[in-house]
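Everything below concerns the one structure shown next.
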Protein chains: 2
Amino acid sequence: MAANRASQPRSSVWLTPRPPTRGRRGADSGSGAGSLDREKIVATAVRLLDAEGTAQCSMRRLAAELGVTPMSLYWYVNNKDDLMELALDAVAGEIALPDLEAGNDWRDDLRALAASWRHTMIGHPWAIRCYGEYLNIGPQSMRFSRCAQAVVARSPLPEEEHSTALSAVFQYVYGFTSMESRWQEYGRESGRSPDEFFEEVAGSVAQAPGIKATGGMIERHSGLTMQQMRDLDFDRTLDWLLAGMCVGRRS
Amino acid sequence: MAANRASQPRSSVWLTPRPPTRGRRGADSGSGAGSLDREKIVATAVRLLDAEGTAQCSMRRLAAELGVTPMSLYWYVNNKDDLMELALDAVAGEIALPDLEAGNDWRDDLRALAASWRHTMIGHPWAIRCYGEYLNIGPQSMRFSRCAQAVVARSPLPEEEHSTALSAVFQYVYGFTSMESRWQEYGRESGRSPDEFFEEVAGSVAQAPGIKATGGMIERHSGLTMQQMRDLDFDRTLDWLLAGMCVGRRS
DNA sequence: ACCTGAACACCGTTCAAGT
DNA sequence: ACCTGAACACCGTTCAAGT
């Protein structure tokens with residue numbers, strides 16, 4: 001994505017953070033709407049990514065949006081990769097966490113975490129792809145991780161399987177949500193609805209003999225909307241996974 | 001990635017294919033090593049992607065590799081997106097398929113498919129990310145899909161759950177492999193080994209309180225190499241998933 | 001401390017022209 | 001049928017300079 005030479009290490013905001021004062025004037029100084037700081041840049045980047053997708057979010061375009069010269073952004077962020085890491089962490093901050101004190105079953109808490117992660121990512125379709133591109137170890141991502149760990153810690157699984165269980169759930173949800181949000185973007189790009197575009201592809205694929213499904217998507221039509229089918233797939237698979245981990249154990 | 005305007009639909013080789021004669025002279029005519037055709041372009045693209053990663057594989061760079069002007073490539077492919085779809089399908093052709101006539105348990109065949117997909121994708125670390133970016137409905141991808149469908153068709157699952165089961169397995173493997181190959185690339189980019197880089201990140205993260213894992217990766221060290229731990233995670237999760245789908249059913 | 005202008009080294013792709 | 005050259009409209013980023 002960025003023009004990294006293969007030989008030079010990719011930087012990460014989180015590994016070599018900027019001094020926290022950088023771009024932060026005193027609390028009283030934010031005089032005009034025009035004054036720049038890191039939060040404002042990141043917020044604008046998120047808005048731009050949401051509205052027009054990854055392809056349209058360039059440093060130059062973002063600067064124009066902020067009424068400023070491209071190079072002024074580099075005072076606040078080291079480079080575009082860092083900015084994307086910050087944007088990803090910003091949306092990670094929107095993920096709703098279950099109340100761990102409520103005494104719910106750990107499986108339900110884990111299901112809730114999976115669902116709210118998916119929900120947040122679907123709201124920012126560019127974001128899920130960042131997980132495959134950037135380190136995501138910012139404070140908001142860590143808040144989410146800590147919560148997820150606390151949840152499996154209440155499971156009956158032996159301790160050495162805790163991280164396997166976490167990975168299993170979130171790698172699945174990552175895969176599911178990647179595909180789901182990709183179909184959304186296909187829809188937008190093609191000017192059709194996501195489901196219309198899917199129908200078109202499915203139709204084109206169905207001409208080949210013996211084909212019933214495309215890359216993880218489905219073509220059953222039992223009176224359900226595609227959204228309902230996706231939700232059903234999501235829930236059912238999580239049930240399978242959670243049931244599988246608990247086979248032969250007292251829950 | 002490509003400079004798509006949001007309003008114009010993304011093309012796909014598979015949806016609007018070139019006439020198959022394009023770039024295919026008669027079988028006898030491939031006179032010099034210098035003569036161009038679509039297969040040769042795709043093969044060179046795969047080699048370049050393998051050797052130097054997505055960032056270094058530009059149309060211009062690829063043309064230089066082929067000793068030709070950038071624009072001559074456009075005689076054989078519509079644009080870069082199409083070329084990437086072709087490259088992805090080319091590596092999909094490397095995936096080893098189980099022998100369906102061997103009469104193995106459907107679960108073992110499914111595990112074999114998951115393993116060989118993972119194996120092929122790890123051999124071309126840029127490839128797994130293409131699944132989140134491009135349609136993958138080329139002939140080789142379809143060959144793989146057809147095989148996977150034939151395998152679940154032998155399962156005891158009710159028919160309306162077949163595609164859910166397929167999606168479950170492959171979305172999980174997609175998530176797992178995305179993360180696994182991303183860490184490989186981090187290693188390469190940082191000039192360290194993948195595991196060294198992981199240790200560095202884990203160390204930096206461990207300074208925050210209450211943290212034990214990063215985004216699906218692990219830090220148990222029970223005398224196993226990280227590769228062994230990854231393999232164990234992969235197998236264990238597939239076992240959970242397969243066990244979960246079969247709960248309460250005769251296998 | 002913060003922002004700008006000019007410049008560098010790239011991109012993907014169009015178009016008209018060559019052979 | 002196949003390939004080229006020049007050009008367009010972009011990129012991310014460096015650097016020296018301004019205030």
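Each chain gets a letter, A, B and so on, in the order the sequences are listed, and its residues count up from 1. Predicted, not measured: the structure shown is a model, and the values here were computed from it.
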If you assign A:Arg61 and A:Met71 each to the DNA chain D nucleotide with the nearest heavy atom, which residue ends up on the more 5' nucleotide?
A:Arg61
Using a heavy-atom cut-off of 4.0 Å across all strands, would you classify B:Ser58 as base, sugar-phosphate, or nothing?
sugar-phosphate
Mind calculating the distance between OH (B:Tyr74) and C1' (D:dA7) to the nearest angstrom?
14 Å
How close or far is atom P of D:dG12 from atom CG of A:Asn78, stated in whole angstroms?
15 Å
Which nucleotide, in any strand shown, forms a Watson-Crick or G-U wobble pair with C:dC11, with both distances under 3.5 Å?
none
Separation of atom CZ in A:Arg60 from atom C1' in D:dG12, rounded to whole Å:
7 Å
Is it true that A:Arg230 and A:Asp195 make a salt bridge, defined as a side-chain N closer than 4.0 Å to a carboxylate O?
yes
Residue mapping more 5' on DNA chain D - nearest nucleotide basis, B:Val68 or A:Pro70
B:Val68
Separation between the C1' atoms of D:dC3 and C:dA16, rounded to whole Å
13 Å
Determine, for A:Asp89 against A:Arg143, whether the closest basic-nitrogen to carboxylate-oxygen distance falls under 4.0 angstrom.
no
Give none if D:dA17 has no partner; otherwise give the nucleotide forming a Watson-Crick or G-U wobble pair with it, both distances under 3.5 Å.
none
Round to the nearest Å and state the distance from B:Met59 atom CE to D:dT4 atom C1'.
15 Å
For A:Asp81 and D:dC11, what is the distance between atoms CG and C1' respectively, to the nearest whole Å?
14 Å
With under 30° as parallel and over 60° as perpendicular, where do the rings of B:Trp126 and B:His124 fit, or are they tilted in between?
perpendicular
Whole angstrom is fine here: how far is it from CG in A:Leu83 over to P in D:dC11?
14 Å
Between CZ of B:Arg38 and C1' of D:dA1 the distance, given in whole Å, is 16 Å
Assess B:Arg118 against B:Phe176: is NZ or CZ under 6.0 Å from the centre of the six-membered ring, and within 45 degrees of the ring's axis?
no
Once you measure the plane-to-plane angle for B:Phe170 and B:Phe144, does it fall in the parallel (<30°), tilted (30-60°) or perpendicular (>60°) bin?
perpendicular
Which nucleotide sits closest to the side chain of A:Thr69: C:dT4, D:dA1, C:dT13?
C:dT4
Over how many whole Å does the gap from A:Gln56 atom CD to C:dC11 atom P extend?
20 Å
